[in-house]
Amino acid sequence: MTSAHEQRLRTYSELAVRIGLNLQPGQRLLIIGPIANGGASLEAAPLIRQIAAAAYQAGAPLVETLWGDEALMLARFKHASSDSFSQHSAWLPDALLTHVEGGGAVLSVYANDPDLLKNEPVDLVGALQQATSRSVMPFRERISRNQTNWAVIAAAAAGWADRVFSELPPAERVARLWDAIARLCRLDQPDPLAAWETHLAALAARRDYLNRRHYTALVYRGPGTDLTLGLPPGHRWVSGRSDSQSGIPFTANLPTEEVFSIADKDRVDGTVRSTKPLSYAGTLIENFSLRFAEGRVVELTADRGDAVLRQLIATDPGAARLGEVALVPHSSPVSQSGVLFYNTLFDENAASHVALGSAYRFTLAGGEAMTDEEFAQAGGNRSATHVDFMIGSADLDVDGVLPDGTIDPVMRRGEWAMADG
Ligand code: ZN
Ligand code: ZN
């Protein structure tokens with residue numbers, strides 16, 4: 001790769017360490033990848049080495065990386081006995097927990113083939129995903145409580161680039177994916193870190209507006225969608241930057257274009273249609289529609305990936321309910337790029353979305369300190385899984401319902417419609 005690309009990796013690493021994690025002097029850093037894949041892809045090594053350098057320069061005493069390899073994963077599907085897929089790592093769940101409990105930061109680097117497991121038996125894929133999710137649930141819960149500063153970024157890799165840019169000659173795909181990641185992470189700006197400060201301030205202004213309105217529900221209307229989604233009392237809208245419980249401001253997702261909150265797990269009614277494919281457990285789920293009654297999915301249809309979607313919803317009782325609601329304008333840079341990334345980190349920033357599964361504790365006032373029962377009582381969903389899917393488009397209207405029942409336009413034809421300020 002060229003030195004221009006090396007320079008770009010250096011800038012990206014600075015962004016991840018300073019704006020993403022805001023890594024503090026003396027803080028350890030653990031770099032991981034999707035846990036079901038074992039860790040960060042070996043193809044991300046050139047980026048991860050730069051990140052380690054940036055982290056040490058920021059004062060990290062130790063940077064560790066948990067590596068994963070997709071070929072090893074496929075070897076398990078090919079050769080391991082089919083009754084062994086409920087087995088998970090004996091040491092990893094504790095290691096992750098020990099790192100977070102010790103105040104370390106966590107960076108997850110995604111560089112994976114979204115269709116890796118599409119030819120594997122759906123019950124084995126489901127068993128592996130469930131066993132892994134359950135085993136690392138205590139770690140996930142701490143992340144969801146923002147116990148420490150954490151961030152998710154992406155790196156281009158061949159399997160992923162093949163999926164995203166299949167129409168290009170194979171030799172050009174990875175470079176093209178790097179270009180897309182760089183643009184959407186504002187690395188092409190003259191001063192990327194300053195551009196991020198401006199962007200994060202604009203997101204914060206939307207967030208503050210929504211927090212002042214105290215809506216009791218949002219009403220969605222679009223093609224195939226007619227949904228009322230309750231917002232519990234004390235819900236909090238959150239955008240780009242959050243504070244960890246240890247008081248460190250950090251930006252969990254690079255890129256990020258969303259303003260998000262908590263859905264009331266018991267007050268979601270009506271039908272919602274997906275507007276982009278969902279990549280889950282190495283499978284693509286396309287053109288699906290979910291009908292909710294009193295918060296629970298009671299009916300679903302999908303043009304593709306129907307069985308995997310049913311597996312997802314059967315993970316546990318919370319997987320059939322919503323935990324997150326997020327608003328993203330249709331004009332967001334990710335949407336404008338016209339690229340479908342088959343990856344939530346990017347695609348969720350192209351469209352308004354909701355997530356099946358666990359709610360983030362910090363999206364409810366006092367949520368971090370609540371017991372599981374108190375959180376559930378307040379409308380917070382709890383699950384071993386959290387899977388975003390896109391429901392926004394240029395045809396989506398969203399209304400906010402005020403406590404006195406009046407209706408406020410929040411989005412019209414996919415764009416912010418609320419008054420500024
Ligand atoms: Zn989201
Ligand atoms: Zn989410």
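In listed order, ligands and their atoms are each counted from 1. Both backbone and side-chain heavy atoms feed into the values below; hydrogens, waters and symmetry mates do not. All residue numbers refer to positions in the sequence shown, counting from 1.
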Inset, instruction - Report the name of the N/O/S atom of E348 located nearest to the Zn ion (ligand 1). - result: OE1

Inset, instruction - With the Zn ion (ligand 2) at the centre, find the angle made by NE2 from H386 and OD1 from D388, to 10°. - result: 100°

Inset, instruction - Examine H353 and say whether one of its N/O/S atoms is closer to the Zn ion (ligand 2) than 2.8 Å. - result: no

Legend entry - Which N, O or S atom of E324 lies nearest to the Zn ion (ligand 1), by name: OE2

Inset, instruction - Specify whether Y12 and W178 have parallel, tilted or perpendicular ring planes, treating 30° as the upper limit for parallel and 60° as the lower limit for perpendicular. - result: perpendicular

Legend entry - Cation-pi check, R76 onto F85 ring (under 6.0 Å, within 45° of axis): yes

Inset, instruction - May I ask you to establish whether R176 and F165 are in a cation-pi arrangement, using a distance under 6.0 Å from NZ or CZ to the six-membered ring centre and at most 45° from the ring axis? - result: yes

Legend entry - From W160 atom CH2 to S279 atom OG, the distance as rounded to the nearest 0.5 Å: 10.5 Å

Legend entry - Test item: Y280 and T344 side chains (from C-beta on) under 4.5 Å apart, heavy atoms: no

Inset, instruction - Output the atom name for the N/O/S atom of E258 with the smallest distance to the Zn ion (ligand 1). - result: OE1

